[in-house]
Each structure stands twice: as C-alpha cells, then as structure tokens.
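All of these numbers come straight from a predicted model, not from anything done at the bench. Hydrogens, waters and symmetry mates play no part in the numbers below; they use all other heavy atoms, side chains included. The chains referred to below are lettered A, B, ... by the order of the sequence lines, with proteins before strands, and numbering in each begins at 1.
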Amino acid sequence: MLKLKVQNFCLDSSINSGQFFRYNKIGDFYYIVLIDRVVKLKLEDGYLIIYSSNYNNLEDLIVEFFDLNTDYNKINKKLIEIDSNLKYIVDSCINFKILKMEPFETLVSYVISQNNSVNNIKNIVNKLSINYGEKILFENNEYYLFPTFDSIKDITLEELKNLKLGFRSNYVYELLNNIKTNKLDLDYIYSLNTIDAMNYLILNKGIGKKVASCVLLFAYKRYDVFPIDTWVKKIMGELFNISNEKKIEEFIKENYKEYSGIIIQYLFNYKRNN
DNA sequence: CCCCAGGTCGTCA
DNA sequence: TGACGACATGGG
C-alpha cells in the first residue's frame, strides 16, 4: 500500500469528469486502469490510499496523472481576477484537476467520443481493451490494459465495426494506418507549439478541432487549447449570450489566454453536473 | 417515435 | 467561408 499526502485535491470530480474512461467505483475505492497497471485508490483525511498491481514508480505516476504538482490555487485566483462573475463556477470546481493521460489512448478514445455519450464511450473503450489489451490480474479479478499500438495496428475494419464503433470505425482504422506509415507520430507532437500541433492532428480524417483540443489538453497538458462541445456551447449561450463557435473561441482566447483550457473545463463540468 | 451524445465530413451556395 | 444533412449506436 502507498499512502500519499495530498492537498487541494478532489478525487471524485477529477476522475468522474468525462476526461478519462477507464475507471470503476466500487465502494469507497476507484479502480482505474492506468497505462500499464491497475490502481485502486481512495481519498481519506488528506491522504491518497493507493493499492496497485505494480508499485514500481507508482507515486510519480499518480502525481503526474492527477497533475498534483500544478498550482491550481494560483490558476483559480487568476481566473477569478479575469471575471469575478464566474467565481461560483470556479468555486464549484475547486480541487478539480485536469488529468494527464497517455497520448495514444487519449487519441483513440476521443476519436471514438465524437457524437457519442460518456457512458457509451466508456463501453466501447472497455470492449476494445478486453479484446485487444493485456490482461492484468488484481485482487483475483481480471482487468485489461488499453491496447498498445502494436496490439491493434492490424485490426480490421470489420473487427472495429463489431465493437460497435459505428461510423467511427473508418476513422480509427485510418488513424492506425497513419501511425503505421509514420504519417502521424505522437512523439513528434511534443516538439510542436500548440497551433502547429493542432494543425498536425487535424490532418487525420476523423480528427477535427474538438478531438484535437481534447488530445492536446488531456494528453499533452496544453492548457491554452480548449474543446468546444455541445455542453460548452450551451453554457456560453446562457452566460454570455454567445452561441457562435468562432465567437466563443475568440472570447475565451482573448480573456483567458494560457488558462483557456482550464476555465472551459470548469464550465463543461458545471454545465454537465447541473 | 422523437431527440441527443465531449463531432467531423462532404457538399452546395 | 458558412450552413446543413449524414453518419452508427445506445439511452431517455
């Protein structure tokens, strides 16, 4: 068991925020499939109580995944300074973190996410993992890692359709092919600035601005990008009477700059939970 | 039977 | 450029 002192951290809202799809809550504990292992954890009296199928380098992994070294108090203060009318939104997301997810998993998951519901995304990603991911035994139960690129690089279109990806089957199929032919290199993205990274991702069929934004925000920690989805459009219409996507983009970018992704994530959470 | 979900693409003006 | 329907599937 690993016990980790944490401050200003809400495990519930951070996991259950539509960012990450590989988790289950049983009793007080969350069971999450994190890269190469199963992690079971709960928050108790300011400590994370953590069990895992693999304790190697576990603390670093947890700190990185939950973004525990970023000073959100400072960021939140800035957000409120920019627009104090949104204080109640920021307050409602207090101790919420933007997760740092694995790029390949994030990319595939978010291609699947389009025009889909969080529950159904979870289902499909789980099915994909059960069929093609490595099996991990933990507490006498079977868990499945998200497939590596190698384990699904030769998947057929029909297999994808059988997993009920629907029209997204073609997108995932082509995406894997692009990685295979090195037309898409996920490591290359680290070297690109945000705008170039966005344009690079959008070259792939099935990846538009929204999916690319999610990938850059959730897997590459680019806080200056922000996904605009149906929930964000709704709340921006209600709060600011802005419904046009371009106008939303200009407004957020102009006001929130390098923290755009964080305020948008707060707005998304608030709208989805209320 | 309808509408909608962390959208994107192709087409048509 | 901008608007608009199609696209698979599951759930309300």
Distance, rounded to the nearest Å, where [X] contributes [atom1] and [N] contributes [atom2]:
X        : N     : atom1 : atom2 : value
A/Gln114 : B/dC4 : CD    : P     : 18 Å
A/Leu175 : B/dC9 : CG    : P     : 12 Å
A/Ile121 : B/dC4 : CD1   : C1'   : 13 Å
A/Phe20  : B/dG6 : CZ    : C1'   : 16 Å
A/Phe226 : B/dG7 : CZ    : P     : 16 Å
A/Asn273 : B/dG6 : CG    : P     : 12 Å
A/Leu107 : B/dG7 : CG    : P     : 15 Å
A/Tyr171 : C/dC7 : OH    : C1'   : 7 Å

Review point. Charged N to carboxylate O below 4.0 Å: is that the case for A/Lys209 and A/Glu245?
Key: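 No.
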Point to revise | Note: A/Arg22-A/Glu105 ion pair, threshold 4.0 Å (strictly below) | key: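 A/Glu105 and A/Arg22: not salt-bridged.
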Review point. The side chain of A/Val232 lies closest to which of these nucleotides: B/dC9, B/dG6, C/dC7?
Key: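 The answer is B/dG6.
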Exercise for review: Could you check which of B/dG6, C/dG2, B/dA5 has an atom nearest any side-chain atom of A/Ser113?
Suggested key: B/dG6
Applying a 4.0 Å non-hydrogen cut-off, can you work out what [X] is touching in the nucleic acid: base, sugar-phosphate, or nothing?
X        : result
A/Ser109 : nothing
A/Phe218 : base
A/Arg168 : base
A/Gly206 : sugar-phosphate
A/Asn204 : sugar-phosphate
A/Lys246 : sugar-phosphate

**Study point:** B/dG10 OP1/OP2 closer than 4.0 Å to side-chain N/O of A/Lys205
**Key:**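 So the side-chain polar atoms of A/Lys205 do come within 4.0 Å of the phosphate oxygens OP1 or OP2 of B/dG10, strictly under.
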Point to revise | side-chain N/O A/Lys161 vs C/dT9 OP1/OP2, d < 4.0 Å | key: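 No, because none of the side-chain N or O atoms of A/Lys161 sits under 4.0 Å from OP1 or OP2 of C/dT9.
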**Study point:** Polar side-chain contact A/Glu245-C/dG2 base: donor and acceptor under 3.5 Å
**Key:** no
Write out a two-atom table: protein N or O, nucleotide N or O from nucleotides 10-12 of chain C, distance below 3.5 Å.
none

**Study point:** side chain to side chain contact (heavy atoms under 4.5 Å, CB included), paired with A/Asn54, selected from A/Asn56, A/Leu58, A/Asn57
**Key:**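 By the side chain to side chain contact (heavy atoms under 4.5 Å, CB included) criterion, A/Asn54 pairs with just one of A/Asn56, A/Leu58, A/Asn57: A/Asn56.
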Check your understanding: Out of A/Phe66, A/Tyr72, A/Phe96, which one pairs with A/Phe9 under the ring pair (Phe, Tyr, Trp, His ring centres under 6.0 Å) rule?
Key ->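 Among A/Phe66, A/Tyr72, A/Phe96, the one meeting ring pair (Phe, Tyr, Trp, His ring centres under 6.0 Å) with A/Phe9 is A/Phe66.
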Review point. Parallel, tilted or perpendicular: which fits the ring planes of A/Tyr188 and A/Tyr200, with parallel below 30° and perpendicular above 60°?
Key: perpendicular
Review point. How are the rings of A/Phe167 and A/Tyr171 set to each other: parallel, tilted or perpendicular (split at 30° and 60°)?
Key: perpendicular
Check your understanding: According to the 5.5 Å centroid and 30° plane-angle thresholds, does A/Phe167 stack upon the nucleobase of C/dA6?
Key ->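 Base of C/dA6: not stacked against A/Phe167.
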Check your understanding: Hey, would you say the A/Phe146 and A/Phe21 ring centroids sit under 6.0 Å apart?
Key ->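 No; A/Phe21 has its ring centre 6.0 Å or more from that of A/Phe146.
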Check your understanding: Centre of A/Phe65's six-membered ring, under 6.0 Å away, within 45 degrees of the axis: is that where NZ or CZ of A/Lys100 sits?
Key ->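 Cation-pi check for A/Lys100 and A/Phe65: fails.
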Check your understanding: Is NZ or CZ of A/Lys180 both nearer than 6.0 Å to the six-membered ring centre of A/Phe149 and within 45° of the ring axis?
Key ->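 No - A/Lys180 does not lie over the ring of A/Phe149 by the 6.0 Å and 45° rule.
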Check your understanding: Between A/Val211 and A/Asn116, who's closer to the 5' end of DNA chain B by nearest nucleotide?
Key ->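 First, find each residue's nearest nucleotide; the 5'-ward one identifies A/Asn116.
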Practice item. Could you say whether A/Ile207 or A/Lys234 is positioned toward the 5' end of DNA chain B, judged by the nucleotide with the nearest heavy atom to each? Key: A/Lys234
Determine the interatomic distance between [atom1] on [N] and the same-named atom on [M]; round to the nearest Å.
N     : M      : atom1 : answer
C/dG5 : B/dC4  : C1'   : 16 Å
C/dC7 : B/dG6  : P     : 22 Å
B/dA5 : C/dG2  : P     : 23 Å
B/dT8 : C/dG11 : P     : 23 Å

